[in-house]
Asker: 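After the structure tokens below, expect a handful of questions from me.
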Amino acid sequence: MRQAAVGELVMRQGEPADSLMLLTKGKVAIQIRLIEAEPHTLAVIEAEELLGEMGLFGSGQHSADVRVVEGPAELVEVSGDKFLKTLLFDVDLAMEMLALVSQRCMRSNEVIGLLLDGIAASERGDTDQLRRLATEIQPLNYCLSKAMDRLLAIGQGRSSHPPGSTG
């Protein structure tokens, strides 16, 4: 068991992924730093979610920061080596992990599709479609719902200036 205060990083982007964590209490933000100095919040995760599996199963490094935003947070930390060895002998657990990863990938694909539809609607200045898409994407992904809000603002600007006009 591990406790973490609000503002504390429990995983740091780029560091070795040598454990998994189960968030049992509190909320954490998944944040990524790319070009900008300030991190972008990709998601806010509530209790009963698994953290760190992407780094453990993928590159071996954490792909994002995980920061406590409501807490204190309580986490159960499991050694990555022990967890991977357990997966070899526990088919049910391995299937649960595959289901979890597949579900997250499908949700990401849905969000990307909605965002691409939003870009097209923004180019057309179709603010009604943008509002519908913004409503659909909002509960699915924090960061991309903010991107959709920006597209809505761009689309509203386009709809007030018909194609071919200057403004």
Asker: In the hydrophobic cluster built from side-chain contacts under 4.5 Å, what are the other members alongside Met106?
Answerer: none
Asker: Considering residues at least two apart in sequence or located in another chain, which fulfil the side-chain contact (heavy atoms from CB on, under 4.5 Å) criterion with Gln13?
Answerer: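 So Gln13 forms a side-chain contact (heavy atoms from CB on, under 4.5 Å) with Ile32, Arg33, Asp65.
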Asker: Would you say that Leu87 contacts Met97 through its side chain, given a criterion of any heavy-atom pair below 4.5 Å between the two side chains?
Answerer: yes
Asker: So which heavy atom on Met11 is nearest to which on Ser19, and how close?
Answerer: CE-O, 4.4 Å
Asker: Going from CG on Leu22 to CD on Glu77, what distance comes out if it is rounded to the nearest 0.5 angstrom?
Answerer: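 Answer for the CG-CD pair, Leu22 versus Glu77, is 11.5 Å.
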Asker: Should Leu100 and Leu84 be regarded as members of a common hydrophobic cluster, given that ILVMFWY residues are connected when their side-chain heavy atoms come within less than 4.5 Å of each other, either directly or indirectly?
Answerer: yes
Asker: For residues 42-57, which side-chain N or O atoms pair as donor and acceptor with protein atoms under 3.5 Å away, sequence neighbours left out?
Answerer:
from  : atom 1 : to     : atom 2 : distance (Å)
Glu49 : OE1    : Arg104 : NH2    : 2.9
Glu53 : OE1    : Arg104 : NH1    : 3.1
Glu53 : OE2    : Arg104 : NH1    : 2.2

Asker: Clusters formed by hydrophobic residues whose side-chain heavy atoms approach within less than 4.5 Å: which one holds Leu98, and what are its other members?
Answerer: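 Grouped by the 4.5 Å side-chain rule, Val91, Met95 form the rest of the cluster around Leu98.
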Asker: Under 3.5 Å, is there a donor-acceptor pair between the side chain of Glu8 and the main chain of Ala5?
Answerer: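 Yes, because the side chain of Glu8 sits within donor-acceptor range (under 3.5 Å) of the backbone of Ala5.
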Asker: Under the 4.5 Å side-chain heavy-atom rule for ILVMFWY, direct or indirect, which residues accompany Leu88?
Answerer: Phe89
Asker: Among the clusters formed by ILVMFWY side chains lying less than 4.5 Å apart, do Leu130 and Leu116 turn up in the same one?
Answerer: yes
Asker: Do Thr24 and Val76 come within less than 4.5 Å of each other through their side chains, counting heavy atoms only?
Answerer: yes
Asker: Between Arg67 (side chain only) and Ala29 (backbone N and O only), is there a donor and an acceptor less than 3.5 Å apart?
Answerer: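 No: the side chain of Arg67 does not pair with the backbone of Ala29.
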Asker: Quick check: do Glu74 and Met1 have side-chain heavy atoms less than 4.5 Å from each other?
Answerer: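 Sidechains of Met1 and Glu74: in contact.
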Asker: Output the distance between atom CZ (Arg2) and atom CE (Met21), rounded to the nearest 0.5 Å.
Answerer: 4.0 Å
Asker: Would you indicate whether the side-chain heavy atoms of Val10 and Leu75 approach each other to under 4.5 Å?
Answerer: yes
Asker: Working to the nearest 0.5 angstrom, can you tell me the gap between His62 NE2 and Ile30 CD1?
Answerer: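 Answer rounded to 0.5 Å: 10.5 Å.
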Asker: Quick test of your reading: applying side-chain hydrogen bond (donor to acceptor under 3.5 Å, both in side chains), list the pairs with at least one residue in residues 79-100, sequence neighbours left out, ordered by first then second residue.
Answerer: none
